[in-house]
Amino acid sequence: MMPCNLNEISEQLNGILIGDGNVVITGVGSINAAKEGEIAFVTDKNLNKLDQCKASAFIVPETTIIAFKVPVIKVKNPRLDFIRLIEMFSEKTKSSGVLSSEAIDPSVTLGCNVQIDEFAVVKEDVSIGDHTIISAHSFIGKNVTIGTNCLIHPNVTVLHDTFIGDNVIIHSGAVIGADGFGFEWDGQKQVKIPHIGNVIIFDDVEIGANTTIDRGTIDSTTIGKGTKMDNLIQIGHNVQIGEHCIIAGTSAIGGSSKIGNRVIMAGGSAVINNITIGDGCVVLAKTMVTKNMPENSMVSGYTARSHKRQLRESAALSRLPQTIKKLNKKLDELSKTKEGAK
């Protein structure tokens with residue numbers, strides 16, 4: 001984006017400008033590193049850093065009442081508006097409409113302005129929607145459908161029969177549609193269970209780098225609309241994830257588990273096979289879920305239990321040395337009392 005003044009930015013954010021609206025802003029900076037000409041985001045937690053900040057303007061909550069030495073824009077939701085501001089000054093990735101790869105099967109159906117970069121492989125009967133980008137060295141298997149405005153980063157593998165909706169982002173190293181981990185012992189060896197299902201990824205999903213999503217055994221593994229997944233996540237076969245979930249890095253979900261809408265799984269958490277997690281649940285970091293969770297519940301620990309119970313038990317353990325010390329003191333007093341009575 002070209003430089004613009006604070007009047008223009010305030011209008012875009014529907015904020016309240018206090019100070020000189022003609023100040024020109026050339027970019028966005030953090031409270032720790034912003035330079036002259038940049039605008040920074042201020043919260044109640046970083047007000048103590050204002051004196052050291054060299055930004056030419058600030059985005060602040062509308063409830064802020066302190067005086068600033070530079071112009072400010074007051075907004076209702078500073079975090080969301082700062083995201084919008086970053087987007088204003090960021091270079092957006094747009095399809096060039098150039099097909100640079102020589103490995104595109106003639107049967108492929110392409111929408112308008114599709115970009116397929118060097119060394120990408122696109123197999124038979126693939127359909128790719130308008131303005132979608134397939135980056136270098138990615139592999140798109142047979143009969144895959146990819147919607148409009150998608151961004152497939154370099155070195156992504158999307159295997160056969162996968163369905164991907166609109167506005168989906170898949171980061172480098174992700175593998176979509178590998179066989180699930182299924183074997184049966186026949187008395188002599190592990191017999192591989194064929195996986196003939198697929199993966200369905202709905203609109204507005206983002207999938208992090210080196211994340212793997214296994215195809216269903218017979219039915220589909222599904223990722224609901226608006227769900228955001230971090231790096232290094234494992235999703236087992238037949239898993240069903242609801243809408244607008246947040247799944248943080250190194251989490252894992254075992255086969256055939258069902259995750260509701262707006263569920264949060266913090267980093268390193270895990271769900272064993274065949275578990276149901278209700279809408280609005282929170283699984284805290286490093287937690288292992290081994291039982292079904294009713295909606296709007298929160299669990300923590302290994303293995304998972306009610307977070308309130310976990311806190312009570314942790315508090316009790318922390319008080320244990322002091323409790324033992326008090327008990328020993330009382331025993332000593334009782335012992336001395338008995339000796340005195342003799």
Side-chain angles (χ1 to χ4, degrees), residues 153 155-159 162 164 168-184 190 192-195 197-202 205-307 310:
H153 282 274
N155 296 299
V156 168
T157 299
V158 181
L159 295 168
T162 297
I164 298 173
V168 171
I169 300 172
I170 304 178
H171 289 275
S172 296
V175 178
I176 313 299
D179 286 351
F181 192 65
F183 299 88
E184 187 69 25
Q190 298 286 356
K192 181 177 175 62
I193 299 172
H195 286 71
N198 72 337
V199 176
I200 298 175
I201 298 171
F202 289 93
V205 168
E206 184 159 351
I207 296 168
N210 293 317
T211 285
T212 58
I213 303 175
D214 294 344
R215 68 177 57 252
T217 309
I218 296 175
D219 299 322
S220 300
T221 301
T222 60
I223 312 297
K225 180 179 179 180
T227 285
K228 312 298 183 184
M229 301 168 64
D230 198 358
N231 305 330
L232 296 165
I233 290 170
Q234 160 65 16
I235 306 298
H237 56 241
N238 298 106
V239 168
Q240 297 176 33
I241 297 177
E243 298 183 352
H244 304 294
C245 296
I246 293 289
I247 304 177
T250 71
S251 295
I253 302 176
S256 300
S257 289
K258 296 181 179 180
I259 311 299
N261 300 321
R262 303 177 308 283
V263 169
I264 296 174
M265 292 182 60
S269 58
V271 178
I272 68 169
N273 296 348
N274 298 294
I275 292 296
T276 298
I277 295 181
D279 294 349
C281 288
V282 177
V283 180
L284 295 181
K286 302 293 184 182
T287 296
M288 170 72 78
V289 180
T290 60
K291 296 180 180 179
N292 294 341
M293 290 176 60
E295 62 181 31
N296 300 315
S297 55
M298 179 187 292
V299 293
S300 62
Y302 185 90
T303 57
R305 54 177 69 92
S306 163
H307 185 52
Q310 187 87 347

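Worth saying up front: this structure is predicted, and the values here are computed from it rather than measured. Any value given below was found using the heavy atoms of this structure, including those in side chains, with hydrogens, waters and symmetry copies removed.
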Review point. Thr162 and Asn198: side chain to side chain donor-acceptor pair (under 3.5 Å), yes or no, with the steps?
Key: CA-CA 6 Å; Thr162 297; Asn198 72 337; over 6 Å; no
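- Looking only at side-chain heavy atoms (C-beta outward), Gln310 and Leu284 stay at 4.5 Å or farther from each other.
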Point to revise | Trace of the side-chain contact (heavy atoms from CB on, under 4.5 Å) decision for Thr221 with Val199 | key: CA-CA 5 Å; Thr221 301; Val199 176; 4.3 Å; yes
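- Ile218 and Asn238 make their closest contact through N-ND2, 4.3 Å (heavy atoms, listed as atom of the first residue, atom of the second, distance).
- One distance of note links CD of Glu243 with CG of Asp279; it measures 9.5 Å at 0.5 Å rounding.
- Residue Glu184 places its CD atom among 12 or fewer non-hydrogen atoms of other residues, nucleotides or ligands, all under 6.0 Å distant.
- Tested against Gln234 for a side chain to side chain donor-acceptor pair (under 3.5 Å), the candidates Asp214, Asn210, Thr250 yield a single pass: Asp214.
- In terms of heavy atoms, Gly268 sits closest to Ser251 at N-OG, 3.7 Å.
- How far CD1 of Ile247 is from NZ of Lys228: 12.0 Å, rounded to the nearest 0.5 Å.
- Here the side chain of Thr211 pairs a donor or acceptor atom with the backbone of Ile233 at under 3.5 angstrom.
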**Study point:** Pair Lys192-Asp179, side-chain contact (heavy atoms from CB on, under 4.5 Å): steps then yes or no
**Key:** CA-CA 10 Å; Lys192 181 177 175 62; Asp179 286 351; 3.1 Å; yes
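- In this structure, CD1 on Ile253 lies 13.0 Å from CD1 on Ile272, to the nearest 0.5 angstrom.
- In this structure, His195 and His237 approach most closely via the heavy-atom pair NE2-ND1, 3.4 Å.
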Exercise for review: Please lay out, stage by stage, how Ile213 and Met229 fare under the test side-chain contact (heavy atoms from CB on, under 4.5 Å).
Suggested key: CA-CA 11 Å; Ile213 303 175; Met229 301 168 64; 4.2 Å; yes
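- Atom OG of Ser256 and atom CD1 of Ile275 lie 11.0 Å apart (nearest 0.5 Å).
- Taking all atoms of both residues into account, the shortest heavy-atom contact from Val271 to Ser257 is CG1-OG, 3.7 Å.
- With values rounded to the nearest 0.5 angstrom, Ile170 atom CD1 is found 9.5 Å from His153 atom NE2.
- Among all heavy-atom pairs drawn from Gly242 and Thr227, the shortest one is O-OG1, 2.7 Å.
- Without hydrogens or angle criteria, Asp230 side chain to Gly249 main chain gives a donor-acceptor distance under 3.5 Å.
- Closest non-hydrogen pair, Ala174 versus Ile207, comes out as CB-CG2, 4.3 Å.
- Put simply, CD on Glu206 and CD1 on Ile246 are 9.5 Å apart, with the number rounded to the nearest 0.5 Å.
- The side-chain heavy atoms of Val283 and Met293, taken from C-beta on, include a pair separated by under 4.5 Å.
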